[in-house]
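Working notes, structure below.
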Amino acid sequence: MQFEKMNNYQKAVDFILETFSAKKVKEFRGHDGYGYNADIYLVGKKIAEVDNDGWGGGLRIHYISEDYEKRAKSLINDLPKCLFSEAIGGSSDHEMIWDDELVFDHVATDVLRKKDFKKQMKKITFIQDNQLSHYTSLKASDLETVYQYKEGVMSLREWLEKTEKEENIKVLNFLPEDEAFDLYRKHSERRFYL
């Protein structure tokens, strides 16, 4: 993954997402918002089940064994130290403390973000002025459709490529999926977690 300047938060998140994964992530509506259940894996082995019940409060973690718990916590304790400002911007000099709750929430939430990304990519999605946005009436399936513009007849793809250069936007639909998802993740970060 390529970042302009990778800070310790980004290094930690990259390590987390390479080392841990979540499966069977089920989202549901809870009392105080959305909750989810998920199975957490460490390098391909199921180590825990987590539950965010949507009633506020912390993530409940049920480890499969004490050995898995020790191994996971050891890896988490070795994550790079970072400041809240690296994660959410601003100038906070408070240190962010990584724990299994925060790490597993990142992993499960990333699965939910991927689902959201796939839905979002059915629309023409772009980044402009560091903000994620989309055209509400344009679908990705319309990219090859030809329209009459004031500049002449051209496909939606051609018009967007021209617009990309003129208005300094980045159309995610034109990028390989991994690259588009990395940008989506970076620009939608605050909507999901830190």
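Residue numbers run from 1 in the order of the sequence given.
A side-chain donor-acceptor contact under 3.5 Å links Thr145 to the backbone of Asp142. Put simply, the side chain of Glu69 never gets that close to the backbone of Tyr63: no donor and acceptor are under 3.5 Å apart. With Gln10 contributing its side chain and Asn7 its backbone, the two residues share a donor-acceptor pair below 3.5 Å. When atom types are taken as modelled, the side chain of Glu49 and the backbone of Ile61 share no donor-acceptor pair closer than 3.5 angstrom. In this structure, the side chain of Thr125 engages the main chain of Gln120 through a donor-acceptor pair within 3.5 Å. At distances below 3.5 Å, not a single donor-acceptor pair connects side-chain atoms of Asn8 with backbone N or O atoms of Leu83. The backbone N or O of Lys73 sits less than 3.5 Å from a side-chain atom of Asn77, completing a donor-acceptor pair.
Residues Tyr147 and Met154 fail the side-chain proximity criterion, which asks for heavy atoms closer than 4.5 Å. Contact check for Trp159 versus Leu143: no side-chain heavy atoms found under the 4.5 Å cut-off. The closest side-chain heavy-atom distance from Leu160 to Phe174 is below 4.5 Å. Using a 4.5 Å cut-off on side-chain heavy atoms (C-beta onward), Asn37 and Phe28 make contact.
How far CG of Leu156 is from CD of Glu161: 10.0 Å, rounded to the nearest 0.5 Å. We find the CD1-CG distance between Ile40 and Asp100 to be 10.0 Å, quoted to the nearest 0.5 Å. Here the NZ-SG distance, from Lys11 to Cys82, works out to 11.0 Å after rounding to the nearest 0.5 Å. The structure places OH of Tyr9 at 5.5 Å from CH2 of Trp98, a figure rounded to the nearest 0.5 Å. For the atom pair Phe15 CZ and Leu79 CG, the distance stands at 6.5 Å (nearest 0.5 Å). Note: Met96 CE to Lys81 NZ = 11.0 Å, rounded to the nearest 0.5 Å.
Under a cutoff of 6.0 Å and an axis angle of 45°, Lys114 and Phe181 form a cation-pi pair.
Here the two rings, on Tyr184 and Phe117, have centers that are under 6.0 Å apart. Taking the ring centroids of Phe20 and Phe104, they lie under the 6.0 Å cut-off.
Counting non-hydrogen atoms of other residues, nucleotides and ligands closer than 6.0 Å to CD of Glu66 gives a total of 12 or fewer. The local environment of NE2 in His94 is sparse, with at most 12 non-hydrogen atoms from other residues, nucleotides or ligands closer than 6.0 Å. No more than 12 heavy-atom neighbours from other residues, nucleotides or ligands sit within 6.0 angstrom of CZ on Arg71. Remark: Lys24 NZ is loosely packed, at most 12 non-hydrogen atoms of other residues, nucleotides or ligands lying under 6.0 Å away.
Between Ala108 and Ala38, the shortest heavy-atom distance links the atoms CB-CB, 4.1 Å. Minimum heavy-atom separation, Ile124 to Ala140: CD1-CA, 3.8 Å.
Only one option out of Lys45, Lys46, Lys23 pairs with Asp39 in a salt bridge (Lys or Arg N to Asp or Glu O under 4.0 Å); it is Lys46. Here the options are Asp110, Leu102, Val103, Ile76, the test is side-chain contact (heavy atoms from CB on, under 4.5 Å), and the partner is Ile16; only Val103 passes.
Both Tyr68 and Leu42 belong to a single network of hydrophobic side chains, linked directly or stepwise wherever heavy atoms of I, L, V, M, F, W or Y lie under 4.5 Å apart. At a threshold of 4.5 Å between side-chain heavy atoms, the hydrophobic network of Ile, Leu, Val, Met, Phe, Trp and Tyr places Leu175 and Tyr135 in two separate groups. If you chain together hydrophobic residues whose side chains sit under 4.5 Å apart, Leu183 and Ile169 never meet in one group. A single hydrophobic cluster is seen to contain both Leu17 and Leu75, as judged by linkage of ILVMFWY side chains at heavy-atom distances under 4.5 Å, directly or through other members. Residues Val107 and Val50 fall within the same hydrophobic cluster, defined by Ile, Leu, Val, Met, Phe, Trp and Tyr side chains chained together at heavy-atom separations under 4.5 Å.
A search for salt bridge (charged side-chain N to carboxylate O under 4.0 Å, His left out) contacts involving Glu95 returns nothing, not counting sequence neighbours. For Asp99, there are no side-chain hydrogen bond (donor to acceptor under 3.5 Å, both in side chains) partners, not counting sequence neighbours.
Pairs passing the salt bridge (charged side-chain N to carboxylate O under 4.0 Å, His left out) check and including a residue from residues 50-64, sequence neighbours excluded, read Asp51-Arg60, Asp53-Arg60.
A salt bridge links Arg185 with Asp182; the closest basic N to acidic carboxylate O contact falls under 4.0 Å. Using a cutoff of 4.0 Å between basic side-chain nitrogens and carboxylate oxygens, Glu164 and Lys170 are not scored as salt-bridged. A salt bridge links Lys118 to Glu177: one of the charged nitrogens lies within less than 4.0 Å of a carboxylate oxygen.
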Take Glu166 and Lys162 through the salt bridge (Lys or Arg N to Asp or Glu O under 4.0 Å) test and state the conclusion after the steps. CA-CA 6 Å; Glu166 292 173 356; Lys162 184 177 179 299; 2.7 Å; yes

